[in-house]
2 protein chains.
Amino acid sequence: MTSEELAGCMMTNPVVVRRTMAGLREAGFVRSAKGHGGGWEIACDLSAVTLKDVYDALGAPQLMAMGIHLESPACLVEQTVNRSLTTAFAEAEALLIDRLRTVSLAQLADDFRAHVAAHKRNLERKP
Amino acid sequence: MTSEELAGCMMTNPVVVRRTMAGLREAGFVRSAKGHGGGWEIACDLSAVTLKDVYDALGAPQLMAMGIHLESPACLVEQTVNRSLTTAFAEAEALLIDRLRTVSLAQLADDFRAHVAAHKRNLERKP
DNA sequence: CTTCATGTAACTTACGATGTTACAAGACTC
DNA sequence: GAGTCTTGTAACATCGTAAGTTACATGAAG
């Protein structure tokens, strides 16, 4: 698929698609080809790549909205709160990342296909 | 303390302080007084109020930076990812909130005082 | 009645994420 | 080789939200 097509699917812009996909390409999960007939294709075993891999490929962005802003703030009150919550935030993040590790792209694809099939059956029954 | 003084401590603006403290006042954790000699004072038993209470009083803002944006998006791919991660996000959030529940303001105050005392001893030893 | 404080609405600023434009470079077709 | 299609990327624009600011009404103390 071209960036243009993908952008259409996601209601966004081709350049945004390229920017995002760049991370996945560098990780080797997709390939891109320039020129006529070019575009994007999958370049990995979907059952071998997890959401954690994708998350990392996209630059491992912040998962927590709050959390620790400064490692060692000058403010003693802030230091106190940090001491009381750093491990809590770390644990919550670790839990989440562990879950990302358990979901492979192949699983997602299977689940997706199953739901699409169910959706189609539904449409046929009540037309 | 006045909003002005508090703002000075936090390197921010008195109005921002009032905005934020408004939540704590409605929850009954602090009291405010207008006029000469007015300002803010604590109005609760610090050992009875936890960070979870404070979090709620501040409007329970988003803890997770990502998570589920739309409950039922039109996009079937988005639905698939949501199915695979809603519980994970919910669990991580629950874990965090449980930790907030375990920290009372009294604990924070004690820890704060202990560290301030240690800091002072340090200064006296090497002047 | 003057001064000092909060309460709040309205406006401004700052910033990051996203969207857009522009153009170079590579690949295919004719 | 000319023309066209596509990615790659830099530079700029837009948007939305959080924070800061201004302004003024209200109430309390001296």
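Here is the naming used below: chain letters follow the sequence lines, and residue numbers restart at 1 for every chain. We use all heavy atoms of the structure for the numbers below, so side chains are in, but hydrogens, waters and symmetry mates are not.
- Side-chain atoms of A/Glu93 and A/Leu96, non-hydrogen and from C-beta on, never get closer than 4.5 Å to each other.
- No hydrogens or angles considered: a donor-acceptor pair under 3.5 Å links the side chains of A/Ser3 and A/Trp40.
- In this structure, the nucleotide among D/dC5, D/dT7, C/dG7 sitting nearest to the side chain of A/His36 is D/dC5.
- The CD atom of A/Glu5 sits 14 Å away from the P atom of D/dC5 (whole-angstrom rounding).
- Looking at B/Arg83 and B/Thr80, their side chains do bring a donor and an acceptor atom within 3.5 Å of each other.
- Rounded to whole Å, the distance from CD on B/Glu4 to C1' on D/dT22 is 14 Å.
- In this structure, B/Ala33 reaches the sugar-phosphate backbone alone: every heavy-atom distance under 4.0 Å involves primed, P, OP1 or OP2 atoms, never a base.
- Nearest to the side chain of A/Val15, among C/dT20, D/dT21, D/dG8, sits C/dT20.
- Atom CZ of A/Arg31 is separated from atom P of C/dA27 by 14 Å (rounded to the nearest Å).
- Nucleotides of DNA chain D nearest to A/Gly39 and B/Val16 differ in position, and the one nearer the 5' end is that of A/Gly39.
- With D/dT7, C/dG19, C/dG7 as the choices, the nucleotide that has an atom nearest any side-chain atom of A/Thr12 turns out to be C/dG19.
- Comparing D/dT26, D/dG20, C/dT8 against the side chain of B/Lys34 picks out D/dT26 as the nearest.
- Taking atom CD of B/Gln62 as the reference point, atom C1' of D/dG16 lies 16 Å away to the nearest angstrom.
- Remark: P of D/dT7 and CZ of A/Arg25 are 10 Å apart, rounded to the nearest angstrom.
- Atom CG in B/Asn13 sits about 15 Å away from atom P in C/dT13, given to the nearest Å.
- For A/Arg18 and C/dA25, the CZ to P distance is 16 Å, given to the nearest whole Å.
- Remark: A/Ser3 is not in phosphate contact with D/dT6, judged by side-chain N or O atoms under 4.0 Å from OP1 or OP2.
- In this structure, CE of A/Met11 is placed 14 Å from P of C/dT18, rounded to the nearest angstrom.
- The nucleotide whose nearest atom lies closest to any side-chain atom of B/Arg19 is, among C/dT18, D/dG8, D/dA19, D/dA19.
- In terms of hydrophobic clustering, with Ile, Leu, Val, Met, Phe, Trp and Tyr side chains grouped at heavy-atom distances under 4.5 Å, A/Val49 and A/Phe112 are assigned to different clusters.
- The shortest side-chain heavy-atom distance between B/His115 and A/Gln79 does not fall under the 4.5 Å cut-off.
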